[in-house]
Amino acid sequence: MKKLILTAICALLTFATAIGFTACNGEASSTAVNLVDVKAEEVGVRTDIDYYVIAEPAATVKVNALEGLEFSGNLQELYADGNGYPQAVVVAKNEVVSYVAQTLSVKLKNGAEWLIDDATAPESIVSAVSSHLSNDLAPTFNAKNLNKEVIKNCSVKFTDAWNCKQAVKDIIEKFNACGETNFSTPDDNFFLEEGDYGTAEYDGKITVYAPDGAPALGLAKLMATNELINCKEVEYNVVKADTIQAFVTGNAPKADVCVLPVNLAVKLLGSGEKYKMLGTLTNGNLFIVSNGKEKITKNNLSSLRGKTVGVVNLAQVPGLTFKTILKDNGIEYGQLI
């Protein structure tokens, strides 16, 4: 009877997730991609995993530290048209958005160019971000793991909301189709429209929060000099990624401006009632690494069938993006329990 019940549950799960599946009894599939949720420290050292999905700069740190581990794929090239995908977005409180939107947009675009300028030393970037870290946070970037290639891999490029609105809606629709969590659909009111801002200076302090890692890079130039964003005073804060939502929720959220993962921004703020999205800040920083396995491209993505792929943060953007890529290419996947 127990075996019959287990079989029925597996059948229901297979039906419910359409192209996905959930492996039962811990058995891997020979025809689908077998996904495993892994911690960063497990990348490159587990003998039961063929490929890993991991974000920069951790990907480079791992490749440099472990003999034989190498880059084997780029999720930004595998997604849709190969130009990356909305990953981190910038939001601002409705009461300050008209003051800061135009100035912040210009400064973030300049900041993206500053990051890749040959005259900008990685040490300057590390110093800028480190000087605004919360007290209990060990920095993701340091002088040893940050270089121009890693910066390029973090895909920092600010795009105004009216130019990336459809791309955000598209990826949220794809994330919702993966079946695990529904992030709802962002309302049109959530996206700043061109011209929805003023030129008057905000008579007070603006607080800005960003999670450590690639999103913080996008603010590095502003943090380097504590640049004002059309206000009397500004305060920049870099916090742990798993705490960022606390700064835009509650009765009196601390963040006037905040950088959030796209799915979290839509889930928490997508109605546009409290915050508006100013634009996307990063366009993907996820890579596939392996111990000398075949390089994965769009042309041979199906070769992952029967393989086991460990994903750091399988339930979040890394896992959702990888599942989306597989689903868009008609490749079944499932999580090993």
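Salt-bridge annotation for K165 and D188: present, with a side-chain N of the basic residue lying under 4.0 Å from a carboxylate O of the acidic one.
Annotation: K295, atom NZ; neighbour count of heavy atoms from other residues, nucleotides and ligands within 6.0 Å is above 12. Around atom CD of E273, no more than 12 heavy atoms belonging to other residues, nucleotides or ligands sit under 6.0 Å away. More than 12 heavy atoms of other residues, nucleotides or ligands sit less than 6.0 Å from atom CD of Q166. In this structure, E173 places its CD atom where only 12 or fewer heavy-atom neighbours from other residues, nucleotides or ligands lie under 6.0 Å away. Other residues, nucleotides and ligands place no more than 12 heavy atoms under 6.0 Å from the NZ atom of K144. In K148, the NZ atom is crowded: over 12 heavy atoms of neighbouring residues, nucleotides or ligands sit closer than 6.0 Å.
Side-chain contact between I244 and C258 is present, with at least one heavy-atom pair separated by less than 4.5 Å.
A single hydrophobic cluster is seen to contain both L219 and V257, as judged by linkage of ILVMFWY side chains at heavy-atom distances under 4.5 Å, directly or through other members.
Formation of a donor-acceptor pair under 3.5 Å by the N313 side chain with backbone atoms of G319 is not found in this model. Between the K276 side chain and the N189 main chain, a donor and an acceptor come within less than 3.5 Å of each other. A donor-acceptor contact shorter than 3.5 Å links the side chain of T282 to the backbone of A88. Without hydrogens or angle criteria, K62 side chain to A40 main chain gives a donor-acceptor distance under 3.5 Å. With T120 contributing its side chain and W114 its backbone, the two residues share a donor-acceptor pair below 3.5 Å. Judged by distance alone, with hydrogens and angles left aside, the side-chain atoms of N283 form a donor-acceptor pair with the main-chain N or O of K157 at under 3.5 Å. For Q245 (side chain) and T249 (main-chain N/O), no donor-acceptor pair under 3.5 Å exists by modelled atom type. In terms of modelled atom types and a separation under 3.5 Å, the side chain of S105 and the main chain of Q102 share no donor-acceptor contact. Looking only at distances, no side-chain donor or acceptor of D50 sits under 3.5 Å from a matching main-chain atom of V309. Side-chain atoms of N94 come within 3.5 Å of backbone atoms of G272 as a donor-acceptor pair (strictly under, hydrogens ignored).
In this structure, Y99 OH and D203 CG are separated by 8.5 Å, a value rounded to the nearest 0.5 Å. Residue T243 holds its OG1 atom at 10.0 Å from CG of D212, rounded to the nearest 0.5 Å. Remark: T185 OG1 to F190 CZ distance equals 12.5 Å, nearest 0.5 Å. Atom CG of residue L326 and atom NZ of residue K323 lie 10.0 Å apart, to the nearest 0.5 angstrom. Rounded to the nearest 0.5 angstrom, N263 CG and K174 NZ are separated by 15.5 Å. Taken from CD1 in I54 to CG in L69, the straight-line distance is 8.5 Å, to the nearest 0.5 Å.
Residues V317 and L286 come closest through the heavy atom pair O-CD1, 4.3 Å. Scanning both residues, V150 and L146, for their nearest heavy atoms gives CG1-CD1, 4.1 Å.
If you check the side chains of N285 and S155, you find no donor sitting under 3.5 Å from an acceptor. Side chains of Q76 and N74: a donor on one and an acceptor on the other come within 3.5 Å. For the residue pair K267/N182, the side-chain donor-acceptor check at 3.5 Å is not satisfied.
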| task | Step by step, work out the salt bridge (Lys or Arg N to Asp or Glu O under 4.0 Å) result for E201 and K232. | result | CA-CA 8 Å; E201 183 179 79; K232 296 288 187 182; 3.3 Å; yes
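Taking the six-membered ring for Trp and thresholds of 30 and 60 degrees, Y236 and H132 have ring planes more than 60 degrees apart, a perpendicular arrangement.
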